[in-house]
Amino acid sequence: MKRWSIKIKIIFWYTLFFALLIIFDFYFLRTSASRVLTDQATMDVTTATIEVADMINVEDDGIYIEEDDDDQELFSFYHDGVVFLVYENNNVAFGNAPDNFDATTSIKLNETQSEEFNGMNWLVYDMTIENGYVLRGIYDMNPMMNSIEQVILIAGILSPIIILVASIGGYIIIKRSFKPIQDIYKTASIIKDEEDYTRRIETSFAKDEVYALADMVNQMLDRVEQSINREKQFSSNVSHELRTPLSVMQAQAEYMFKNAKSPEQKEEIQTIIQQISFMENVVTQLLEITRTRQLSNDDMELINLYELVKLTSDAFSKNLSDREITLRIDKPLFETNIYCNQTMMIRVFSNLIANAIKYNNDSGEINISFQLENQYIVTYVKDNGIGIPKEHLNKIFDSFYQTDEARTQNELSFGLGLALVKEVIKIHSGDIQVDSKQHEGTTFRIYLPSSNIK
Ligand code: ADP
């Protein structure tokens with residue numbers, strides 16, 4: 001199921017709740033209003049009929065109503081909003097029934113009847129008066145019903161608009177309230193993607209819960225940065241400290257090799273020399289990584305990347321021919337000038353080409369090509385070698401990381417090459433990405449800013 005954002009969830013529930021509340025309110029309003037008004041009308045028709053029954057006299061020539069001054073005048077059959085009829089033997093004897101009212105409705109004495117004819121509503125009250133006549137009071141409910149219906153209609157049209165306005169207003173407020181959290185998320189993503197642990201989350205907003213969260217994340221980042229710096233410092237210190245003793249050991253071992261008395265002794269010393277040079281290589285690469293981190297703008301110069309790659313690859317002609325691997329470098333149709341530290345950039349492409357050879361099959365192929373993408377020069381280093389299993393892909397740039405296959409194949413490699421490559425590319429404001437399929441080959445994409453944007 002598609003996951004809804006918290007914003008949408010809140011708006012959905014709030015709108016639904018609001019809509020249900022309004023529907024319930026209308027229903028309640030309609031029923032209670034019509035009940036109250038019907039009760040009032042019942043009372044009006046009953047009171048008016050009893051009052052009129054008390055005041056009228058039926059004469060042969062018509063019905064008369066007594067006035068305050070004891071005079072009599074002809075009754076108009078209308079009093080306090082009620083229309084009257086006088087029945088004799090169930091037939092209308094005096095008065096005119098209102099339009100749409102069926103005057104033949106049976107008489108039920110002393111009780112209020114609710115009648116409906118053709119969708120029109122009436123309240124009727126009957127009571128006997130002198131000489132067997134029956135007085136009927138008729139109350140027209142239709143104006144009252146129409147006003148209730150009109151109120152409901154207007155409310156029915158207005159409510160969706162009110163709900164819509166409330167939802168949009170609510171959405172805007174919630175979006176604003178969530179903005180600081182979204183900012184935290186964005187900054188955290190940038191920190192993760194760029195591995196830039198010097199960045200911090202902006203905490204200039206009000207000192208509320210979100211501020212506390214951002215502050216906490218920043219404190220955690222302080223610790224991460226400190227431990228990364230400690231680790232960098234540690235490996236830099238260790239490499240520096242090991243350099244001199246290793247050189248001394250190397251010289252001593254070579255001296256012992258020369259003066260060895262037997263071939264067995266020579267072989268043993270040779271193994272020691274190999275191990276020392278392996279350790280020297282590790283130390284050199286660690287120092288190179290440290291040096292890369294300390295590169296400044298003054299160490300950069302304008303270099304043609306295509307020429308640099310060509311030059312670098314020349315050093316591998318023997319390794320290539322030994323294993324009958326073909327290396328093709330496609331000449332780009334655009335300028336490939338970049339600002340870089342030449343020595344470090346040569347290290348980058350040396351490592352990538354060395355790996356493309358090392359992890360290739362005999363008679364394999366390597367292809368290097370260039371493309372221009374949004375002011376970045378993208379260099380593709382592609383081989384059709386053994387490839388990298390998917391689960392290792394995101395770790396190969398870590399220091400000392402090797403796939404098991406690589407570990408057993410190359411006793412003299414130690415998984416620092418790509419860590420250095422990544423560090424150099426990062427210091428040049430670039431990026432490196434890898435695509436690989438096991439047994440099919442690997443492609444490294446190196447993004448470097450073209451000198452045009454410097
Ligand atoms: P290593 O010294 O082991 O070559 P790197 O840092 O250069 O160390 O590479 C790390 C790991 O990435 C290697 O051990 C290997 O498993 C894998 N790798 C690097 N380049 C390639 C490639 N072109 N093809 C296959 N695997 C590769």
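Ligands are counted one by one from 1 in listed order, and the atoms in each one are counted from 1 as well. Just so you know, these numbers come straight off a predicted model, no measurement behind them. Both backbone and side-chain heavy atoms feed into the values below; hydrogens, waters and symmetry mates do not.
For Gln219 and Asp215, the side-chain atoms include at least one donor-acceptor pair closer than 3.5 Å. Using modelled atom types, one finds no donor on one side chain facing an acceptor on the other under 3.5 Å when comparing Thr443 with Asp435.
Nearest-residue assignment for atom 23 (N) of ligand 1 (options Asn281, Asp383, Ile357; heavy-atom criterion): Asp383.
If you look at Lys358 next to ligand 1, the close heavy atoms, those under 4.0 Å, all belong to the side chain. If you look at Leu418 next to ligand 1, the close heavy atoms, those under 4.0 Å, come from the backbone and the side chain alike.
Here the shortest heavy-atom pairing between Ser296 and Met300 reads O-CG, 3.8 Å. Across Ser235 and Leu286, no two heavy atoms sit closer than the pair CB-CD2, 4.4 Å.
The shortest N or O to N or O distance between Ile386 and ligand 1 is not under 3.5 Å. In terms of polar-atom proximity, defined here as any N/O pair under 3.5 Å, Ala419 makes no such contact with ligand 1.
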>> His392 vs Tyr401, test: ring pair (Phe, Tyr, Trp, His ring centres under 6.0 Å). Steps then yes/no.
In response: CA-CA 9 Å; His392 296 286; Tyr401 191 84; 5.8 Å; yes
> Run the salt bridge (Lys or Arg N to Asp or Glu O under 4.0 Å) check on Arg35 and Asp39 step by step: do they pass?
Replying inline: CA-CA 6 Å; Arg35 190 175 317 129; Asp39 288 352; over 6 Å; no
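A cation-pi arrangement is present between Lys266 and Phe257, with the terminal nitrogen or guanidinium carbon under 6.0 Å from the aromatic centre and inside a 45° cone about the axis.
Atoms of ligand 1 found under 4.0 Å from any heavy atom of Ile388 (numbered from 1 in listed order, with element): 18 (N), 25 (C), 26 (N), 27 (C). Atom numbering of ligand 1 starts at 1 in the shown order; those under 4.0 Å from a heavy atom of Ile396 are 10 (C), 12 (O). Taking a cut-off of under 4.0 Å to the non-hydrogen atoms of Phe444, the atoms of ligand 1 that pass are 20 (N), 23 (N). Close approach to Tyr401 involves these atoms of ligand 1, each under 4.0 Å from a residue heavy atom: 10 (C), 11 (C).
Look at Gly415 and you'll find a heavy atom under 4.0 Å from some atom of ligand 1.
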